[in-house]
Amino acid sequence: MYEGAPWSVRLACKLLRHLAAGDGSPWAPYIKVLPRHVPAPLESFSWEDISGLRYPAAQEALHSAGWLAADSFAAASEEARGGPQVGEEEFRWALSVAHSRTFANAAPGGGVGVRMLVPLVDMLNHGGDEAAEGGVGLGLGSGRPVATDCVRWDLLSPARSRTGGWSMAVSATRDIAPGQELLMSYGERPNDDFFLHYGFVPRANPHDDAVLWPDLESALEWHYERLGAAQLSREEAEPMYLAALEAGRLEQSAELQQAQAQTTQQQQQQQGGGGGGGGGGGREGGSVPAAEAQEGLQLPPEVARQMAQIKVVAGGQVSAAVMRAFAAVSGGDVAMAERAVALRCAELLWDMTAPAAAAAAEAAGDQPVTPGLCDGSSNTGDDSAAAASASVGAVGLDVAAASVRSDGGSGGGGGLLAELARLLLDADPRVAAAAVAAPAAAAAAVEPEGGDARYWAEQLRGYCQVLLPRFAELLPEGPAATAALAAAAAAAAAAATDTAAPAGGRPGATGGGIKSRYGRPPPALASPEMAGPAADGLRLTGPQRLSATFRVYKQMVLWDVLLGSAVAPGELIAFARGGGRQ
């Protein structure tokens, strides 16, 4: 191997050497049952899909991972990767397997010990924390997150293993009924690793976040260009912003030390629970725990990039480093720092709009819309309100359907409500058919199916009630079309409210892993579902569905900030629509 090769490249090359050995490898039976295609963006996304994401952090991560694969293939010798017959396609496959199926145990002194591929256990799907029911978005504030995993894993040393060698033991963490799927947590982390390396997005992940700036320097540069340049020349501002940068870096150092201490404590608790050096549920993916980022340790470029990012987490909490830096350039005014962060979130939400979908929505938005249709009145039993909601809903669903058909890339839909409506249509196209055929009876006649359709309908109804009274003009598809889309969702979700929860779990709960999400092994890239739109034009392709789901949750995180902000909606709207300058 070449010097400095990351763990994923080393493990991928080891896998390829065993693959080249054929039946002579002791791991041949395992290698034969590994999936030949990992439906993650690194393998299944086209350039148009990546460009259509409209979320810079994920686009950068995809480009970075693509370059890693290309550079590593060129740098690794033929001997290292299994011989001259192994091409770049096989190398990328092995990298995808390593990123999506690797386990990592905790080292005794903290950090990561050994990363490994383990037969059978790697077939278990992810069951992570889910936001509690009863709230929109990620549901923070409506109760503690609900853990959906039911097993943990532990790495047993030869002294503790009944096999006489190293082994992995899977044990139940709660009662498991016959026929119930075994779910383990791949780690409580943001959606980015799941999206990038596993090819799915966990439902209602309370650990998700959104990247506001790639690093602290970029944040301060943005602050000066957007807010400070009108008051100070660059020469006048330079000393103040350099001092703010230093203050922010001190805060970043303190945050890192705190994260290291928390990670070390968690690992010690896991080891103390009978693990014998085990991990308690850590599928590796692409990230590295904070404990590995010890001072003085040379970090891989991808890890360093992630740790430098300025983020907001679900619930609206922003990196303390940027708050301290922004307050420093505002004379210590924390309220001004909070205002700057809110303006940035509004700017990002506006930038995540798909232009084609927004234009379609604006065109359909010329139809008259009665104010207040999405304030819950359609769910009161009033026949006239329900009929009006369903009628406007037909317009909204038509807008969403046009968005699906018009966007051939990643399938963006022009704002959170439009995206939610499109995911609802994708999960249950009957909603659109019934609303168009008989709009006055849609609320009573259409009942979304369980699972994804029910979930998206509930989220769409909740968000229309929260956003429309204050932020209709910040939703890029236009106030009229936004109200139409939201009314459509309210009609569908009103019917879903009375639906009984499926047996054995919370309403619409799914395992969240690749197999459970599709209900079958993931399709090949060339299959109709992954390669092109369905015949009815409402079903999303695989990359479109994955992108839309990922993007929806990022928007929910950004909206958490605006919903808790004291900044006037009019100011946010003017800033976003004005290109982010005042």
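Remember, it's a predicted structure, so these values are computed and weren't measured experimentally.
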Pairwise side-chain contact, [X] with [Y], heavy-atom cut-off 4.5 Å (strictly under):
{"X": "L417", "Y": "R422", "answer": "no"}
{"X": "L53", "Y": "L62", "answer": "yes"}
{"X": "V318", "Y": "V313", "answer": "no"}
{"X": "D560", "Y": "V312", "answer": "no"}
{"X": "D452", "Y": "W456", "answer": "yes"}
{"X": "Q555", "Y": "L349", "answer": "yes"}
{"X": "I50", "Y": "P41", "answer": "no"}
{"X": "L227", "Y": "R339", "answer": "yes"}

Hey, could you give me the [atom1]/[atom2] distance between [X] and [Y], rounded to the nearest 0.5 Å?
{"X": "I310", "Y": "L216", "atom1": "CD1", "atom2": "CG", "answer": "5.0 Å"}
{"X": "Q317", "Y": "K311", "atom1": "CD", "atom2": "NZ", "answer": "13.0 Å"}
{"X": "R203", "Y": "T148", "atom1": "CZ", "atom2": "OG1", "answer": "10.5 Å"}
{"X": "R189", "Y": "Q306", "atom1": "CZ", "atom2": "CD", "answer": "9.5 Å"}
{"X": "Q465", "Y": "L460", "atom1": "CD", "atom2": "CG", "answer": "10.0 Å"}
{"X": "L572", "Y": "R344", "atom1": "CG", "atom2": "CZ", "answer": "14.0 Å"}

So, using side-chain hydrogen bond (donor to acceptor under 3.5 Å, both in side chains) as the criterion, who are the partners of [X] when residues are at least two apart?
{"X": "E221", "answer": "R234"}
{"X": "Q309", "answer": "none"}
{"X": "T173", "answer": "none"}
{"X": "Y55", "answer": "none"}

Do you know the tightest heavy-atom contact between [X] and [Y]?
{"X": "A58", "Y": "F195", "result": "CB-CE2, 4.4 Å"}
{"X": "G127", "Y": "D149", "result": "O-CB, 3.0 Å"}
{"X": "L562", "Y": "F471", "result": "O-CZ, 3.9 Å"}
{"X": "L423", "Y": "A548", "result": "CD2-CB, 3.9 Å"}
{"X": "A131", "Y": "P206", "result": "N-CD, 3.9 Å"}
{"X": "P145", "Y": "D129", "result": "CB-CB, 4.1 Å"}

Inset, instruction - State which residues pass side-chain contact (heavy atoms from CB on, under 4.5 Å) with E217; sequence neighbours excluded, sorted by chain then number. - result: D215, L245, R249

Inset, instruction - For P190, check side-chain contact (heavy atoms from CB on, under 4.5 Å) against everything at least two apart and list the hits. - result: D192, D208, D209

Please check this pair: side chain of [X] against backbone of [Y], looking for a donor-acceptor N/O pair closer than 3.5 Å.
{"X": "S565", "Y": "V567", "value": "yes"}
{"X": "Y224", "Y": "A237", "value": "no"}
{"X": "S319", "Y": "V322", "value": "no"}
{"X": "E251", "Y": "G248", "value": "no"}

Inset, instruction - Could you label the plane-to-plane angle of the F200 and Y186 rings as parallel, tilted or perpendicular, counting under 30° as parallel and over 60° as perpendicular? - result: perpendicular

Inset, instruction - Go through F45 and S547 one step at a time and tell me if the side-chain contact (heavy atoms from CB on, under 4.5 Å) criterion holds. - result: CA-CA 10 Å; F45 270 36; S547 292; 3.2 Å; yes

Inset, instruction - Could you walk me through whether L212 and L558 pass the side-chain contact (heavy atoms from CB on, under 4.5 Å) test, one step at a time? - result: CA-CA 9 Å; L212 302 181; L558 294 171; 3.8 Å; yes

Inset, instruction - I would like to know whether M307 and Q252 meet side-chain contact (heavy atoms from CB on, under 4.5 Å); could you show each step before the answer? - result: CA-CA 9 Å; M307 297 189 67; Q252 277 185 322; over 6 Å; no

Inset, instruction - Answer yes if the ring centres of H126 and Y198 are under 6.0 angstrom apart, and no otherwise. - result: no

Legend entry - Test log, rule side-chain contact (heavy atoms from CB on, under 4.5 Å), inputs N191 and Y553: CA-CA 8 Å; N191 287 342; Y553 286 125; 3.7 Å; yes

Legend entry - ring-ring contact (aromatic ring centres under 6.0 Å, His included) between F326 and W213, intermediate numbers included: CA-CA 13 Å; F326 281 3; W213 295 277; 5.4 Å; yes

Legend entry - Check ion pair E419-R54 (N to O, under 4.0 angstrom): yes

Inset, instruction - Test R545 against D426 for salt bridge (charged side-chain N to carboxylate O under 4.0 Å, His left out), laying out the working first. - result: CA-CA 8 Å; R545 185 181 303 112; D426 172 63; 2.8 Å; yes

